[in-house]
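Taking it in order: structure first as C-alpha coordinates, then the write-up.
We name chains A, B, ... by the order of the sequence lines, and we start the count at 1 in each one.
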Amino acid sequence: MWGVLAAVADPEIPVVSIVDLGIVRAVEPDRVVITPTYTGCPATQVIERDVREALDAAGYRHLRIETALAPAWTTDWITPAGREKLRAYGIAPPGRGPVQCPQCGSSNSREISRFGSTPCKALWRCGDCAEPFDLFKCH
Amino acid sequence: MASLPPIDLPSNATGAGAFDAPAGVEGNPLFEYLLRLGDDSLVLGQRLSEWCGHAPSVEVDLSLANMALDLIGQATLFLDYAGEVEGKGRDGDSLAFHRDVLDFRCCWLVEQPNGDFARTMARQCLFSTWQHLLFGRLAGSADERIAAIAAKAVKEVAYHRELASEWVIRLGDGTEESRRRMADGLDWTWRFVAELFEMDPLAGFMAEKGIGTDLAAFRADYDAAVRAVIEQATLPPPPDQRPILGGRRGHHSEHLGHLLATMQFLPRTYPDARW
(Lines give C-alpha, C1' and ligand atoms only; values in the text may rest on other atoms or scores of the structure.)
Protein backbone atom coordinates (compact mmCIF):
# COMPACT_ATOMS: atom_id res chain seq x y z
CA MET A 1 0.00 0.00 0.00
CA TRP A 2 2.74 2.46 0.94
CA GLY A 3 4.40 1.38 -2.30
CA VAL A 4 1.33 2.46 -4.28
CA LEU A 5 1.36 5.83 -2.56
CA ALA A 6 5.12 6.23 -2.93
CA ALA A 7 4.51 6.20 -6.68
CA VAL A 8 2.25 9.25 -6.48
CA ALA A 9 4.36 12.27 -7.40
CA ASP A 10 3.86 15.69 -5.88
CA PRO A 11 2.19 17.78 -8.61
CA GLU A 12 4.38 20.85 -7.97
CA ILE A 13 7.70 19.05 -7.48
CA PRO A 14 7.30 15.80 -9.42
CA VAL A 15 10.71 14.38 -8.43
CA VAL A 16 9.45 13.71 -4.90
CA SER A 17 6.52 11.55 -3.94
CA ILE A 18 3.80 12.44 -1.49
CA VAL A 19 5.33 9.87 0.88
CA ASP A 20 8.75 11.60 0.61
CA LEU A 21 7.09 14.88 1.59
CA GLY A 22 5.29 13.42 4.60
CA ILE A 23 1.86 14.16 3.13
CA VAL A 24 0.64 10.61 3.74
CA ARG A 25 0.04 10.38 7.49
CA ALA A 26 -1.52 6.95 7.89
CA VAL A 27 -2.53 3.88 5.95
CA GLU A 28 -5.17 1.78 7.65
CA PRO A 29 -7.35 -1.14 6.53
CA ASP A 30 -10.20 1.15 5.51
CA ARG A 31 -8.63 4.54 4.93
CA VAL A 32 -5.67 6.62 3.89
CA VAL A 33 -5.02 9.85 5.79
CA ILE A 34 -3.32 12.73 4.02
CA THR A 35 -2.52 16.25 5.20
CA PRO A 36 -2.15 19.48 3.22
CA THR A 37 1.26 21.15 3.25
CA TYR A 38 0.23 24.81 3.12
CA THR A 39 -3.35 25.89 3.84
CA GLY A 40 -3.81 27.44 0.43
CA CYS A 41 -1.63 25.07 -1.58
CA PRO A 42 -3.47 24.53 -4.87
CA ALA A 43 -1.83 21.10 -5.21
CA THR A 44 -3.90 19.75 -2.33
CA GLN A 45 -6.92 18.92 -4.48
CA VAL A 46 -4.76 17.49 -7.25
CA ILE A 47 -2.99 15.27 -4.72
CA GLU A 48 -6.27 13.89 -3.42
CA ARG A 49 -7.38 13.11 -6.95
CA ASP A 50 -4.05 11.48 -7.81
CA VAL A 51 -4.20 9.35 -4.66
CA ARG A 52 -7.73 8.25 -5.57
CA GLU A 53 -6.64 7.28 -9.06
CA ALA A 54 -3.58 5.39 -7.80
CA LEU A 55 -5.62 3.51 -5.20
CA ASP A 56 -8.33 2.64 -7.70
CA ALA A 57 -5.79 1.46 -10.27
CA ALA A 58 -4.16 -0.79 -7.67
CA GLY A 59 -7.49 -2.31 -6.70
CA TYR A 60 -8.03 -0.42 -3.44
CA ARG A 61 -11.38 1.07 -4.35
CA HIS A 62 -12.79 0.44 -0.88
CA LEU A 63 -10.25 2.71 0.81
CA ARG A 64 -11.50 6.17 1.60
CA ILE A 65 -9.26 9.21 1.69
CA GLU A 66 -9.39 11.49 4.69
CA THR A 67 -7.71 14.84 5.10
CA ALA A 68 -6.38 15.69 8.57
CA LEU A 69 -5.32 19.22 9.46
CA ALA A 70 -3.91 18.36 12.87
CA PRO A 71 -1.14 17.91 13.68
CA ALA A 72 -0.07 20.57 11.20
CA TRP A 73 2.33 19.45 8.47
CA THR A 74 5.96 20.33 9.01
CA THR A 75 9.04 20.06 6.82
CA ASP A 76 10.49 17.81 9.57
CA TRP A 77 8.34 15.09 8.03
CA ILE A 78 10.22 15.14 4.73
CA THR A 79 12.17 11.88 4.57
CA PRO A 80 15.98 11.79 4.16
CA ALA A 81 15.43 10.28 0.69
CA GLY A 82 13.05 13.11 -0.12
CA ARG A 83 15.59 15.72 0.96
CA GLU A 84 18.23 14.13 -1.26
CA LYS A 85 15.85 14.09 -4.25
CA LEU A 86 15.08 17.78 -3.70
CA ARG A 87 18.77 18.66 -3.64
CA ALA A 88 19.49 16.64 -6.78
CA TYR A 89 16.60 18.45 -8.49
CA GLY A 90 18.10 21.86 -7.63
CA ILE A 91 16.00 22.75 -4.59
CA ALA A 92 17.85 23.29 -1.33
CA PRO A 93 16.13 21.11 1.28
CA PRO A 94 14.81 22.77 4.45
CA GLY A 95 17.20 22.96 7.36
CA ARG A 96 18.18 25.09 10.28
CA GLY A 97 21.85 25.54 9.43
CA PRO A 98 23.37 27.68 6.66
CA VAL A 99 21.66 27.33 3.29
CA GLN A 100 23.78 25.41 0.82
CA CYS A 101 23.60 26.03 -2.90
CA PRO A 102 22.23 22.83 -4.48
CA GLN A 103 24.41 23.43 -7.56
CA CYS A 104 27.87 23.92 -6.08
CA GLY A 105 27.40 23.25 -2.36
CA SER A 106 28.59 26.72 -1.29
CA SER A 107 27.11 28.23 1.86
CA ASN A 108 27.76 31.73 0.55
CA SER A 109 24.12 32.36 -0.34
CA ARG A 110 21.47 34.94 0.37
CA GLU A 111 17.72 35.31 0.21
CA ILE A 112 16.32 37.20 -2.77
CA SER A 113 12.64 36.73 -2.01
CA ARG A 114 10.82 35.27 0.96
CA PHE A 115 8.34 33.62 -1.39
CA GLY A 116 9.27 31.67 -4.48
CA SER A 117 7.41 29.91 -7.26
CA THR A 118 5.20 28.03 -4.79
CA PRO A 119 4.13 28.82 -1.21
CA CYS A 120 6.60 26.28 0.20
CA LYS A 121 9.69 27.77 -1.44
CA ALA A 122 11.83 30.89 -1.10
CA LEU A 123 14.13 32.29 -3.76
CA TRP A 124 17.86 32.38 -2.97
CA ARG A 125 21.05 33.11 -4.88
CA CYS A 126 24.48 31.58 -4.54
CA GLY A 127 27.30 34.07 -4.05
CA ASP A 128 29.90 31.72 -5.55
CA CYS A 129 28.37 30.18 -8.67
CA ALA A 130 25.86 33.09 -8.93
CA GLU A 131 22.99 30.72 -9.73
CA PRO A 132 19.59 31.51 -8.29
CA PHE A 133 17.89 28.56 -6.61
CA ASP A 134 14.77 27.59 -4.71
CA LEU A 135 14.94 26.85 -1.00
CA PHE A 136 12.27 24.60 0.47
CA LYS A 137 11.34 26.73 3.48
CA CYS A 138 11.62 25.31 6.95
CA HIS A 139 8.03 25.16 8.11
CA MET B 1 -30.81 42.00 5.93
CA ALA B 2 -28.86 44.70 7.68
CA SER B 3 -28.80 44.37 11.42
CA LEU B 4 -29.47 47.35 13.62
CA PRO B 5 -26.64 48.86 15.63
CA PRO B 6 -25.83 46.74 18.69
CA ILE B 7 -27.63 47.34 21.93
CA ASP B 8 -25.73 46.70 25.13
CA LEU B 9 -27.61 44.19 27.21
CA PRO B 10 -26.60 42.60 30.51
CA SER B 11 -24.80 39.33 29.84
CA ASN B 12 -27.23 37.21 31.81
CA ALA B 13 -28.63 35.25 28.92
CA THR B 14 -25.99 32.51 28.84
CA GLY B 15 -25.96 29.16 30.57
CA ALA B 16 -28.39 27.20 28.44
CA GLY B 17 -27.25 24.99 25.56
CA ALA B 18 -23.75 25.66 24.29
CA PHE B 19 -25.01 27.30 21.13
CA ASP B 20 -28.06 29.12 22.31
CA ALA B 21 -27.56 32.67 21.21
CA PRO B 22 -26.79 35.04 24.06
CA ALA B 23 -28.34 38.47 24.29
CA GLY B 24 -27.26 40.72 21.46
CA VAL B 25 -26.30 37.85 19.14
CA GLU B 26 -28.48 36.97 16.20
CA GLY B 27 -28.50 33.48 14.74
CA ASN B 28 -26.08 30.63 15.42
CA PRO B 29 -23.06 32.06 17.30
CA LEU B 30 -20.56 29.50 15.98
CA PHE B 31 -21.67 30.12 12.39
CA GLU B 32 -21.43 33.88 12.89
CA TYR B 33 -18.01 33.55 14.52
CA LEU B 34 -16.68 31.40 11.67
CA LEU B 35 -17.92 33.99 9.18
CA ARG B 36 -15.83 36.62 10.93
CA LEU B 37 -12.70 34.50 10.75
CA GLY B 38 -13.35 33.33 7.20
CA ASP B 39 -14.42 36.68 5.78
CA ASP B 40 -11.33 38.48 7.11
CA SER B 41 -9.13 36.00 5.27
CA LEU B 42 -11.27 35.88 2.14
CA VAL B 43 -11.53 39.62 1.63
CA LEU B 44 -7.86 40.33 2.34
CA GLY B 45 -6.89 37.44 0.06
CA GLN B 46 -8.97 38.95 -2.72
CA ARG B 47 -7.45 42.40 -2.10
CA LEU B 48 -3.89 41.09 -2.21
CA SER B 49 -4.57 39.16 -5.40
CA GLU B 50 -5.38 42.50 -7.07
CA TRP B 51 -1.63 43.12 -6.97
CA CYS B 52 -0.93 40.09 -9.14
CA GLY B 53 0.97 41.36 -12.17
CA HIS B 54 1.19 44.91 -10.77
CA ALA B 55 3.63 44.68 -7.87
CA PRO B 56 6.85 46.74 -7.84
CA SER B 57 8.99 43.71 -8.70
CA VAL B 58 8.46 40.07 -9.63
CA GLU B 59 9.63 38.91 -6.21
CA VAL B 60 7.10 41.13 -4.48
CA ASP B 61 4.46 39.97 -6.93
CA LEU B 62 5.15 36.38 -5.89
CA SER B 63 5.07 37.28 -2.20
CA LEU B 64 1.71 38.99 -2.43
CA ALA B 65 0.18 36.23 -4.54
CA ASN B 66 1.44 33.59 -2.12
CA MET B 67 0.07 35.44 0.89
CA ALA B 68 -3.24 35.77 -0.94
CA LEU B 69 -3.19 32.03 -1.53
CA ASP B 70 -2.61 31.31 2.17
CA LEU B 71 -5.49 33.60 3.09
CA ILE B 72 -7.88 32.05 0.56
CA GLY B 73 -6.87 28.66 1.97
CA GLN B 74 -7.80 29.80 5.48
CA ALA B 75 -11.07 31.20 4.17
CA THR B 76 -11.93 27.90 2.50
CA LEU B 77 -11.37 25.98 5.73
CA PHE B 78 -13.32 28.41 7.92
CA LEU B 79 -16.20 28.93 5.48
CA ASP B 80 -16.58 25.24 4.62
CA TYR B 81 -16.87 24.64 8.35
CA ALA B 82 -19.33 27.52 8.69
CA GLY B 83 -21.47 25.94 5.99
CA GLU B 84 -21.49 22.60 7.84
CA VAL B 85 -22.40 24.30 11.11
CA GLU B 86 -25.22 26.17 9.42
CA GLY B 87 -26.56 22.93 7.97
CA LYS B 88 -28.34 24.46 4.99
CA GLY B 89 -26.23 22.83 2.32
CA ARG B 90 -23.95 25.80 1.73
CA ASP B 91 -20.19 25.30 1.39
CA GLY B 92 -17.27 27.74 1.39
CA ASP B 93 -17.79 28.61 -2.27
CA SER B 94 -21.47 29.41 -1.92
CA LEU B 95 -20.78 31.51 1.17
CA ALA B 96 -18.03 33.39 -0.65
CA PHE B 97 -19.83 33.94 -3.93
CA HIS B 98 -23.51 34.06 -3.08
CA ARG B 99 -23.72 36.37 -0.09
CA ASP B 100 -24.27 40.11 -0.39
CA VAL B 101 -22.34 42.90 1.29
CA LEU B 102 -24.57 43.14 4.35
CA ASP B 103 -24.04 39.45 5.14
CA PHE B 104 -20.25 39.74 5.23
CA ARG B 105 -18.63 39.86 8.66
CA CYS B 106 -15.09 41.00 7.85
CA CYS B 107 -13.45 43.96 9.58
CA TRP B 108 -13.00 47.29 7.82
CA LEU B 109 -9.22 47.03 7.66
CA VAL B 110 -9.18 44.13 5.18
CA GLU B 111 -11.67 45.65 2.76
CA GLN B 112 -9.78 48.92 2.35
CA PRO B 113 -8.38 49.53 -1.14
CA ASN B 114 -4.74 48.64 -1.70
CA GLY B 115 -3.65 52.23 -2.30
CA ASP B 116 0.06 52.28 -3.08
CA PHE B 117 2.47 49.53 -2.05
CA ALA B 118 3.24 51.28 1.25
CA ARG B 119 -0.39 51.39 2.26
CA THR B 120 -0.83 47.73 1.34
CA MET B 121 2.14 46.86 3.56
CA ALA B 122 0.84 49.02 6.41
CA ARG B 123 -2.49 47.19 6.21
CA GLN B 124 -0.74 43.83 6.04
CA CYS B 125 1.51 44.56 9.00
CA LEU B 126 -1.38 45.72 11.17
CA PHE B 127 -3.58 42.80 10.17
CA SER B 128 -1.03 39.96 10.13
CA THR B 129 0.37 40.96 13.52
CA TRP B 130 -3.16 40.75 14.91
CA GLN B 131 -3.98 37.52 13.10
CA HIS B 132 -0.73 35.93 14.23
CA LEU B 133 -1.48 36.69 17.88
CA LEU B 134 -5.12 35.64 17.43
CA PHE B 135 -4.37 32.30 15.75
CA GLY B 136 -1.72 31.55 18.36
CA ARG B 137 -4.52 31.66 20.91
CA LEU B 138 -7.16 29.97 18.77
CA ALA B 139 -4.77 27.03 18.36
CA GLY B 140 -5.91 26.20 21.90
CA SER B 141 -9.61 26.64 21.09
CA ALA B 142 -12.14 24.29 22.71
CA ASP B 143 -13.44 23.71 19.19
CA GLU B 144 -11.05 21.12 17.73
CA ARG B 145 -11.62 22.13 14.15
CA ILE B 146 -10.91 25.82 14.79
CA ALA B 147 -7.86 24.79 16.83
CA ALA B 148 -6.54 22.67 13.95
CA ILE B 149 -7.06 25.39 11.32
CA ALA B 150 -5.45 28.03 13.55
CA ALA B 151 -2.48 25.81 14.45
CA LYS B 152 -1.84 25.19 10.78
CA ALA B 153 -2.36 28.75 9.59
CA VAL B 154 -0.39 30.43 12.37
CA LYS B 155 2.87 29.14 10.86
CA GLU B 156 2.02 30.78 7.54
CA VAL B 157 0.81 34.00 9.11
CA ALA B 158 4.14 34.30 10.93
CA TYR B 159 5.69 34.75 7.48
CA HIS B 160 3.13 37.36 6.47
CA ARG B 161 3.78 39.32 9.64
CA GLU B 162 7.54 39.19 9.22
CA LEU B 163 7.45 40.14 5.56
CA ALA B 164 5.07 43.07 6.07
CA SER B 165 6.98 44.32 9.13
CA GLU B 166 10.24 44.25 7.17
CA TRP B 167 8.68 46.32 4.40
CA VAL B 168 7.29 48.86 6.87
CA ILE B 169 10.79 49.24 8.29
CA ARG B 170 12.50 49.36 4.91
CA LEU B 171 10.14 51.94 3.46
CA GLY B 172 9.85 54.02 6.63
CA ASP B 173 13.61 54.13 7.07
CA GLY B 174 14.18 54.61 3.34
CA THR B 175 14.10 57.53 0.97
CA GLU B 176 12.21 60.73 1.57
CA GLU B 177 9.44 59.56 -0.74
CA SER B 178 9.15 56.02 0.65
CA ARG B 179 9.10 57.44 4.16
CA ARG B 180 6.33 59.88 3.34
CA ARG B 181 4.28 57.15 1.69
CA MET B 182 4.76 54.71 4.56
CA ALA B 183 3.68 57.35 7.07
CA ASP B 184 0.62 58.07 4.91
CA GLY B 185 -0.16 54.37 4.67
CA LEU B 186 -0.04 53.90 8.43
CA ASP B 187 -2.07 57.03 8.94
CA TRP B 188 -4.76 55.72 6.57
CA THR B 189 -4.99 52.24 8.11
CA TRP B 190 -4.55 53.08 11.78
CA ARG B 191 -8.19 54.05 12.35
CA PHE B 192 -9.28 50.48 11.61
CA VAL B 193 -7.18 48.84 14.35
CA ALA B 194 -9.65 49.37 17.18
CA GLU B 195 -12.23 47.21 15.42
CA LEU B 196 -9.85 44.24 15.49
CA PHE B 197 -10.09 44.26 19.28
CA GLU B 198 -13.79 44.97 19.61
CA MET B 199 -15.39 42.65 22.15
CA ASP B 200 -19.06 42.69 21.20
CA PRO B 201 -21.59 40.22 22.69
CA LEU B 202 -20.71 37.47 20.20
CA ALA B 203 -16.95 37.79 20.76
CA GLY B 204 -17.54 37.75 24.51
CA PHE B 205 -19.79 34.71 24.28
CA MET B 206 -17.31 32.74 22.19
CA ALA B 207 -14.46 33.66 24.53
CA GLU B 208 -16.53 32.51 27.49
CA LYS B 209 -17.11 29.15 25.80
CA GLY B 210 -13.37 28.78 25.23
CA ILE B 211 -13.97 28.62 21.47
CA GLY B 212 -12.95 32.19 20.80
CA THR B 213 -10.55 34.25 22.84
CA ASP B 214 -10.50 37.48 24.80
CA LEU B 215 -9.16 39.96 22.27
CA ALA B 216 -8.36 42.54 24.93
CA ALA B 217 -5.94 40.06 26.50
CA PHE B 218 -3.42 40.52 23.70
CA ARG B 219 -3.96 44.19 22.93
CA ALA B 220 -0.88 45.18 24.94
CA ASP B 221 1.29 42.61 23.10
CA TYR B 222 -0.05 43.87 19.80
CA ASP B 223 0.58 47.52 20.61
CA ALA B 224 4.12 46.75 21.77
CA ALA B 225 4.89 44.73 18.63
CA VAL B 226 3.51 47.35 16.24
CA ARG B 227 5.19 50.16 18.15
CA ALA B 228 8.52 48.35 17.88
CA VAL B 229 8.16 48.05 14.09
CA ILE B 230 7.17 51.71 13.71
CA GLU B 231 10.09 52.79 15.89
CA GLN B 232 12.50 50.70 13.86
CA ALA B 233 11.04 52.32 10.77
CA THR B 234 12.00 55.65 12.42
CA LEU B 235 8.43 56.85 11.97
CA PRO B 236 6.37 58.75 14.52
CA PRO B 237 3.56 56.70 16.05
CA PRO B 238 0.32 57.42 14.17
CA PRO B 239 -1.97 59.71 16.17
CA ASP B 240 -5.06 58.14 17.71
CA GLN B 241 -8.11 58.52 15.54
CA ARG B 242 -11.78 58.01 16.04
CA PRO B 243 -12.22 54.23 15.70
CA ILE B 244 -14.53 52.92 12.99
CA LEU B 245 -16.57 49.87 13.91
CA GLY B 246 -19.35 47.87 12.31
CA GLY B 247 -17.91 45.25 9.97
CA ARG B 248 -18.71 42.42 12.37
CA ARG B 249 -22.39 43.37 12.12
CA GLY B 250 -22.44 43.85 8.38
CA HIS B 251 -21.91 47.62 8.29
CA HIS B 252 -19.16 48.06 5.72
CA SER B 253 -17.30 50.77 3.88
CA GLU B 254 -18.33 51.47 0.30
CA HIS B 255 -15.28 49.54 -0.90
CA LEU B 256 -16.51 46.05 -0.04
CA GLY B 257 -19.33 46.08 -2.59
CA HIS B 258 -16.90 46.90 -5.39
CA LEU B 259 -14.57 44.13 -4.29
CA LEU B 260 -17.42 41.61 -4.19
CA ALA B 261 -18.67 42.70 -7.61
CA THR B 262 -15.34 41.65 -9.10
CA MET B 263 -14.99 38.52 -6.99
CA GLN B 264 -18.54 37.26 -7.43
CA PHE B 265 -19.21 38.21 -11.05
CA LEU B 266 -18.21 34.96 -12.68
CA PRO B 267 -19.89 32.41 -10.40
CA ARG B 268 -23.06 34.48 -10.36
CA THR B 269 -23.17 35.02 -14.09
CA TYR B 270 -22.30 31.41 -14.90
CA PRO B 271 -23.66 29.52 -11.89
CA ASP B 272 -22.68 26.10 -13.22
CA ALA B 273 -19.17 27.07 -14.31
CA ARG B 274 -16.51 24.49 -13.40
CA TRP B 275 -12.76 24.58 -13.74
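Taking all atoms of both residues into account, the shortest heavy-atom contact from B:A151 to A:A72 is O-CB, 4.1 Å. The two residues B:E156 and A:T37 make their nearest non-hydrogen contact at OE2-O, 4.4 Å. Taking both residues in full, the closest heavy atoms of A:L69 and B:I149 are given as CD1-CG1, 3.6 Å, listed atom of the first, atom of the second, then distance. The nearest pair of heavy atoms linking B:M67 to A:F115 is CG-CZ, 3.8 Å. Between B:L62 and A:G116 the shortest heavy-atom distance is CD2-O, 3.6 Å. Between B:Y159 and A:R114 the shortest heavy-atom distance is CE2-CD, 3.2 Å.
Neither the backbone nor the side chain of A:P71 comes within contact range of chain B; no heavy atoms are under 4.5 Å apart. Using a 4.5 Å cut-off between heavy atoms, A:C120 makes no contact with chain B at all. For B:S63, the parts lying near chain A are the backbone and the side chain together; criterion is any non-hydrogen pair under 4.5 Å. Contacts between A:T118 and chain B at a heavy-atom distance below 4.5 Å involve the backbone alone (N, CA, C, O).
Counting non-hydrogen atoms of other residues, nucleotides and ligands closer than 6.0 Å to CZ of A:R125 gives a total of 12 or fewer. Enclosure of atom CD in A:Q45 is not indicated, since only 12 or fewer non-hydrogen atoms of other residues, nucleotides or ligands lie within 6.0 angstrom.
A:T39 contributes atom OG1, which lies 9.5 Å from atom CG of B:L69 (distance to the nearest 0.5 angstrom). Rounding to the nearest 0.5 Å gives a distance of 10.0 Å between OG of A:S113 and CG of B:D61.
Comparing B:E162, B:E59, B:K152, B:E166 by heavy-atom pairs within less than 4.5 Å of chain A, the highest count is held by B:K152.
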